[in-house]
Amino acid sequence: MEIGKVVGRVVSVSKIKELRPVKLFLVQFTDHEFKVKDDFVVAIDTIGVGEDDLVLITQGSGSRLTKISKPAHSDASIVARIDNPDI
Amino acid sequence: MEIGKVVGRVVSVSKIKELRPVKLFLVQFTDHEFKVKDDFVVAIDTIGVGEDDLVLITQGSGSRLTKISKPAHSDASIVARIDNPDI
Amino acid sequence: MEIGKVVGRVVSVSKIKELRPVKLFLVQFTDHEFKVKDDFVVAIDTIGVGEDDLVLITQGSGSRLTKISKPAHSDASIVARIDNPDI
Amino acid sequence: MEIGKVVGRVVSVSKIKELRPVKLFLVQFTDHEFKVKDDFVVAIDTIGVGEDDLVLITQGSGSRLTKISKPAHSDASIVARIDNPDI
Amino acid sequence: MEIGKVVGRVVSVSKIKELRPVKLFLVQFTDHEFKVKDDFVVAIDTIGVGEDDLVLITQGSGSRLTKISKPAHSDASIVARIDNPDI
C-alpha cells in the first residue's frame with residue numbers, strides 16, 4: 001500500500017451505476033515522512049475520511065475486496081487511516 | 001483511478017472480434033489541477049464521452065467490470081465524467 | 001492500452017511449452033504522435049502484424065483474454081493495429 | 001519481487017476489519033546492492049520481520065496468496081527475508 | 001514481457017513454505033539492445049537459467065501460470081531464454 005493525504009472530494013461526476021453509491025476522494029501520495037508528492041490518485045473511501053487525513057491506499061484488484069468497493073469498477077481504495085503519523 | 005482529458009478518437013483500427021463493438025479514445029492524463037501531462041492511454045468508452053471531457057480512467061482488471069468493457073481484452077476504461085472540475 | 005511500433009521479432013528463444021505456439025514481437029512504445037520512446041515490451045501477436053506496424057498493446061491479465069494468448073504465461077499482447085494513424 | 005529494507009512499523013492505524021490482524025511495515029526499496037532508494041511501500045508482514053531486515057516484497061494479487069495476507073484488501077506483502085545479502 | 005539479464009542467485013533467504021522449492025534469481029532489466037539498466041527484479045526460474053543469460057520476464061498474475069511458479073506467492077517469473085540475441 002502507499003501513503004497519501006486526502007486533499008479533496010471529487011463531487012460532480014457523471015458516474016455509471018456501480019460508482020454512484022461510493023464517495024471518491026482525491027488523494028496525493030506522500031513520501032515516507034508524509035510530505036505530499038506530485039502524484040495523486042482518485043480513490044474510493046471505504047472507511048470514512050476527511051480532508052487532510054493521512055491514509056493507506058490499495059491499488060489494483062485488492063482495492064475491490066472491501067464491502068463498499070466490491071461492486072465498483074475502480075482500481076484504488078482508501079483502506080485505512082494513519083491516526084498517529086510516527087512511523 | 002486517474003484523471004484524464006479526452007483528446008481524440010482512435011478510429012482506424014484493425015480490431016479483433018472482441019474490440020469491434022467498443023469505442024476507443026485517446027486520453028491524456030492530467031495533474032490534479034487538470035493540466036494535461038505527457039502520458040496518455042487508449043481507453044474504452046463505457047459512458048459516452050466527447051472531446052475535451054475530463055474523465056476518470058480505471059486501469060487493469062477493474063477496467064473490464066463494466067457491461068461494455070467486459071468482453072474486451074483491454075486494460076483501460078473511461079468510467080466517469082467530471083462535470084464540474086472544482087475538486 | 002498503449003500505442004507501440006513493431007520493431008522486430010524475438011526469434012531465438014528457448015520457450016517452455018505454453019509459449020511455443022505464439023509469435024513474440026519487440027514493440028517500442030510511442031507517444032501520442034507516434035514517435036517511438038525508449039520503453040519497449042515483448043508482446044504476443046494475436047492479430048498478425050508486420051514490422052513498423054502501429055499497434056495497441058494490452059498489458060496484465062487482459063493480455064491473456066484472446067484465444068491465442070490465453071494459454072501463455074505472458075503479460076503483454078498486441079490486440080489491434082492502427083491502420084490510419086490520424087487520431 | 002523487489003528487495004526492500006524494513007524501516008519502521010505502521011502502528012496507529014484505523015483499520016477496517018480485514019486489516020486488523022495483520023502487522024504493517026514501512027519498507028524502503030533498495031537497489032541490487034541493498035542501498036535504500038526513495039521509493040517505499042507499506043506491506044503486510046507474513047514471516048515475522050524486524051527493523052533493518054532485508055526482505056522480498058511481492059506486489060499485486062500475488063501478495064494475497066499467503067495464509068496471513070489472504071483476508072486483507074492489500075497490495076503488498078513481505079514474503080521472505082534475505083539472511084545473507086551476498087547475491 | 002520485459003528483457004533482462006540474469007546477474008546472480010538469491011541464495012540465503014528465509015522463505016516460507018510456498019517459496020522453498022523455487023530458485024530465485026536477480027535479473028537486471030535491459031534496453032532493447034540488451035544493455036543492462038538500473039532496474040531489476042527478483043524472479044522465479046521456471047526454465048533453468050545460468051548467470052549472464054538473457055531472459056524474458058513475466059510480471060503480475062501471468063508469472064504464476066507455470067507449473068513451477070504456480071504455488072508461489074510471487075509476482076515475477078523467468079519464462080524464456082533468448083538464445084540468439086539478434087532481434
Side-chain angles (χ1 to χ4, degrees), chain C residues 1-2 4-30 35-46 49-53 55 57-79, chain E residues 1-6 22-23 25 27-87:
Chain C
M1 290 154 284
E2 289 190 73
K5 189 178 196 168
V6 180
V7 294
R9 191 165 161 199
V10 183
V11 280
S12 308
V13 167
S14 294
K15 306 168 192 175
I16 50 173
K17 212 176 59 216
E18 290 83 357
L19 279 175
R20 264 178 224 148
V22 303
K23 287 185 185 167
L24 298 175
F25 283 89
L26 188 71
V27 180
Q28 262 189 286
F29 291 119
T30 75
K35 268 185 282 190
V36 292
K37 297 191 290 187
D38 276 347
D39 288 334
F40 70 95
V41 74
V42 176
I44 293 178
D45 179 15
T46 73
V49 297
E51 215 155 312
D52 290 332
D53 280 357
V55 294
I57 301 288
T58 293
Q59 292 181 276
S61 53
S63 71
R64 295 185 300 276
L65 295 182
T66 72
K67 208 177 159 186
I68 286 173
S69 59
K70 200 166 208 165
H73 31 66
S74 162
D75 57 9
S77 288
I78 299 168
V79 296
Chain E
M1 290 154 284
E2 289 191 74
I3 299 174
K5 189 178 196 168
V6 179
V22 303
K23 287 185 184 167
F25 282 89
V27 180
Q28 263 188 284
F29 291 119
T30 74
D31 63 18
H32 65 279
E33 287 169 332
F34 306 113
K35 267 184 282 190
V36 291
K37 298 191 288 186
D38 277 346
D39 288 335
F40 70 95
V41 73
V42 175
I44 293 178
D45 178 17
T46 73
I47 54 170
V49 297
E51 214 155 313
D52 290 331
D53 280 356
L54 288 169
V55 294
L56 293 182
I57 301 288
T58 294
Q59 291 180 277
S61 53
S63 72
R64 295 185 300 277
L65 295 182
T66 73
K67 208 176 159 187
I68 286 173
S69 60
K70 200 166 208 167
H73 30 65
S74 162
D75 56 10
S77 289
I78 299 168
V79 297
R81 184 175 45 233
I82 303 176
D83 296 322
N84 173 11
D86 302 317
I87 295 190

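Everything quoted here is computed from the prediction, not taken from an experiment.
Annotation: side chain of C/V10 is not in contact with side chain of E/I3 (no heavy-atom distance under 4.5 Å). The side-chain heavy atoms of C/R64 and E/L65, taken from C-beta on, include a pair separated by under 4.5 Å. Proximity of C/D38 to E/D31: side-chain heavy atoms (C-beta onward) are nowhere separated by under 4.5 Å.
Only the side chain of C/Q28 has a heavy atom closer than 4.5 Å to any heavy atom of chain E.
Within a 6.0 Å sphere centred on NZ of E/K37, heavy atoms belonging to other residues, nucleotides or ligands number more than 12.
The main-chain N or O of C/S61 is never found under 3.5 Å from a side-chain atom of E/S61 such that the two would form a donor-acceptor pair. When atom types are taken as modelled, the side chain of C/D75 and the backbone of E/M1 share a donor-acceptor pair closer than 3.5 angstrom.
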